[in-house]
Amino acid sequence: MPSALITGITGQDGLYLAEHLVAKGYDVHGVIRGQNNPRRELVERLVPEVRLHNGDLTDLSSLMRALRDAEPDEVYNLGAVSFVAYSWENAFVTSDVTAFGVLNILEAVRLHAGDDPAAVRFYQASSSEMFGKVQEVPQSEGTLLWPRSPYGVAKAYGHHMTINYRESYGMHASSGILFNHESPRRGPEFVTRKISQAVARISLGLADELVLGNLDARRDWGFAGDYVDAMWRMLQQPEPGDYVVATGRTHSIRDFLDVAFGCVGIADWEPYVRQDPAFMRPAEVDELVGDAGRAREVLGWTPTISFEELVSMMVLADIEAVKAGW
Ligand code: NAP
Ligand code: F7E
């Protein structure tokens, strides 16, 4: 039975990946941080097969212990401070976890693997946010990085460090440059879930306003369940590498609002939406759209859920959640 260790198991992707690997017959382990993590119960309920190990990406020895106890064949580094807006408020913490945390886990894997550095396969959760002020359209693996946020800068560090460990030590270390991916499990701080939750409450007569920032930014939004499969496929390749994972379609926040409100029969959302500069960013990433040609050709990966299906999945799930009193 192959085994895998996941950092960030309590997050959106960690939960989908854990389910994906359990379904494939893996012995799945997760790193969980904090003395009483409120999301532990969620992991235990959704994926009871997972074994949890205390650890933190800022604490190298805790990662060494998790590796010793889990003995994984594959390590997926999904842990991060992942909210871009927050990264300006806490740039140091973001760098500590999202940048230097990658160095810690790479070093832990290298030391753990000993004489055979490629024995433990490694996945790094890189991000389209690294493209920032985009230097070409669409963005692919070779596009120059120009990050626009402390989060993007931290991810660029982790991305290059992953490549460096691959080239320096011969590690089987791959980097997935994933464009935005969403689901009913998306954190409520991100714009898609903020919209789907608000639309659910408005449709049920429980709210009448949604306050947002920039409505003109464009993102390449896919479904998280599809994207964790791409992560797994990368680690099954004989050679490690870097892959863009994206749908190749881009939509604005306005487009998202059109479809989300449309799901509950509201054609004109303007009366419900107010813009507040508090939600604008010091530097915006205006438009992202990925070229996932390499993932398609080498990994045989393609997205299965359309933008419209994704939005409707999220809105309907939030309506059910509100009705159930969650
Ligand atoms: P998420 O829901 O925000 O989850 C982040 C995870 O990181 C949580 O499990 C969190 O644990 C963990 N974490 C935070 N600080 C940590 C620390 N000091 N030590 C160990 N773990 C820590 O993020 P996601 O959407 O699942 O994304 C997964 C990864 O992909 C992240 O690295 C993200 O930056 C990257 N990414 C995401 C997207 C996207 O669109 N979703 C796109 C590209 C890349 P707690 O529960 O303890 O806070
Ligand atoms: O913002 C605009 C905002 O916070 C998307 C993370 O998973 O994907 C995610 O980062 C857009 C931005 O995601 C609000 O200005 C408008 O242009 O949902 P978001 P993100 O910043 O793209 C990348 C790939 C990651 O790697 C990250 O970890 O929406 N926007 N009004 C708003 N955004 C938020 N959050 N809230 C608003 O009220």
Side-chain angles (χ1 to χ4, degrees), residues 6-18 30-34 36-40 42-43 54-59 62-63 66 76-87 93-94 96-98 100-102 104-105 123-132 147-149 151-152 154-155 158-159 175-183 185-195 198 210-224 227-228 231 244-246 251-254 256-257 273-288 290:
I6 303 171
T7 72
I9 189 129
T10 58
Q12 170 190 254
D13 291 7
L15 288 168
Y16 280 112
L17 180 63
V31 173
I32 189 157
R33 72 181 174 127
N36 184 21
N37 192 313
R39 290 176 67 82
R40 172 184 280 269
L42 186 65
V43 180
N54 290 314
D56 194 301
L57 282 166
T58 62
D59 182 341
S62 74
L63 301 174
Y76 295 85
N77 184 38
L78 309 187
V81 174
S82 77
F83 186 34
V84 173
Y86 175 87
S87 76
V93 172
T94 303
D96 211 17
V97 178
T98 306
F100 301 130
V102 185
N104 279 339
I105 185 82
Y123 172 84
Q124 167 58 18
S126 289
S127 165
S128 56
E129 186 70 13
M130 301 188 303
F131 296 123
R148 296 266 282 171
S149 61
Y151 168 81
K155 280 289 177 187
H159 181 65
S175 178
I177 308 172
L178 270 54
F179 282 61
N180 296 57
H181 46 280
E182 320 292 316
S183 73
R185 294 176 182 167
R186 186 56 142 153
E189 65 273 39
F190 300 95
V191 76
T192 54
R193 187 76 195 289
K194 187 173 170 182
I195 294 172
L210 167 58
V211 186
L212 295 173
N214 177 12
L215 304 185
D216 298 312
R218 300 180 71 86
R219 292 290 183 274
D220 181 332
W221 278 298
F223 171 53
Y227 285 40
V228 298
M231 299 175 189
V244 160
V245 178
H251 295 92
S252 67
I253 315 296
R254 290 178 195 278
F256 199 103
L257 287 164
V273 175
R274 180 165 66 80
Q275 280 183 280
D276 185 331
F279 293 105
M280 305 282 188
R281 297 180 179 180
E284 180 62 282
V285 172
D286 294 322
E287 175 163 11
L288 291 172

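Counting starts at 1 for both ligands and their atoms, following the listed order.
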Looking only at distance, does [X] have an N or O less than 3.5 Å from an N or O of ligand 1?
X	result
Ser82	yes
Asn77	no
Arg33	yes

For [atom], tell me which residue out of [options] has the closest non-hydrogen atom.
atom	options	value
atom 29 (C) of ligand 1	Leu78, Val102, Asp13	Leu78
atom 7 (O) of ligand 2	Glu182, Arg186, His181, Glu129	Arg186
atom 19 (P) of ligand 2	Arg193, Arg281, Arg219	Arg281
atom 41 (N) of ligand 1	Met231, Gln124, Arg186, Glu182	Arg186
atom 13 (N) of ligand 1	Gly8, Ser127, Gly11, Ala80	Ala80

Looking only at protein heavy atoms, identify the closest one to [atom] and say how far it is in Å.
atom	answer
atom 28 (O) of ligand 2	Ser82 O, 2.6 Å
atom 14 (C) of ligand 2	Val191 CG2, 3.6 Å
atom 11 (C) of ligand 2	Ile253 CD1, 3.8 Å
atom 10 (O) of ligand 2	Val84 CG2, 3.6 Å
atom 37 (C) of ligand 2	Lys194 NZ, 3.8 Å

Any idea which atoms of ligand 1 are less than 4.0 Å away from a heavy-atom of [X]?
X	value
Lys155	31 (C), 32 (O), 33 (C), 34 (O), 35 (C)
Tyr151	33 (C), 34 (O), 35 (C), 36 (N), 44 (C)
Asn180	40 (O)
Ser126	43 (C), 44 (C)
Val97	15 (N), 16 (C), 17 (C), 18 (N)
Leu178	42 (C), 43 (C)
Ala125	29 (C), 30 (O), 32 (O), 35 (C)

For [X], the ligand 2 atoms whose distance to one of its heavy atoms is below 4.0 Å:
X	answer
Ser128	24 (C)
Glu284	3 (C), 12 (C), 15 (O), 17 (O)
Ser127	23 (C), 24 (C), 25 (C), 26 (O)
Phe279	38 (O)
Phe83	4 (O), 35 (N)

Review point. With a 4.5 Å limit on heavy-atom distance, are the side chains of Val31 and Ile9 in contact?
Key: no
Study note, to complete from the structure: From the list Glu287, Glu284, Glu182, salt bridge (charged side-chain N to carboxylate O under 4.0 Å, His left out) with Arg219 holds only for Glu284
**Study point:** ligand 2 contact on Leu288 by region, counting heavy-atom pairs under 4.0 Å
**Key:** neither
**Study point:** ligand 2 contact on Ala217 by region, counting heavy-atom pairs under 4.0 Å
**Key:** side chain
**Study point:** Side chain, backbone, both or neither: Val31 near ligand 1, heavy atoms under 4.0 Å
**Key:** neither
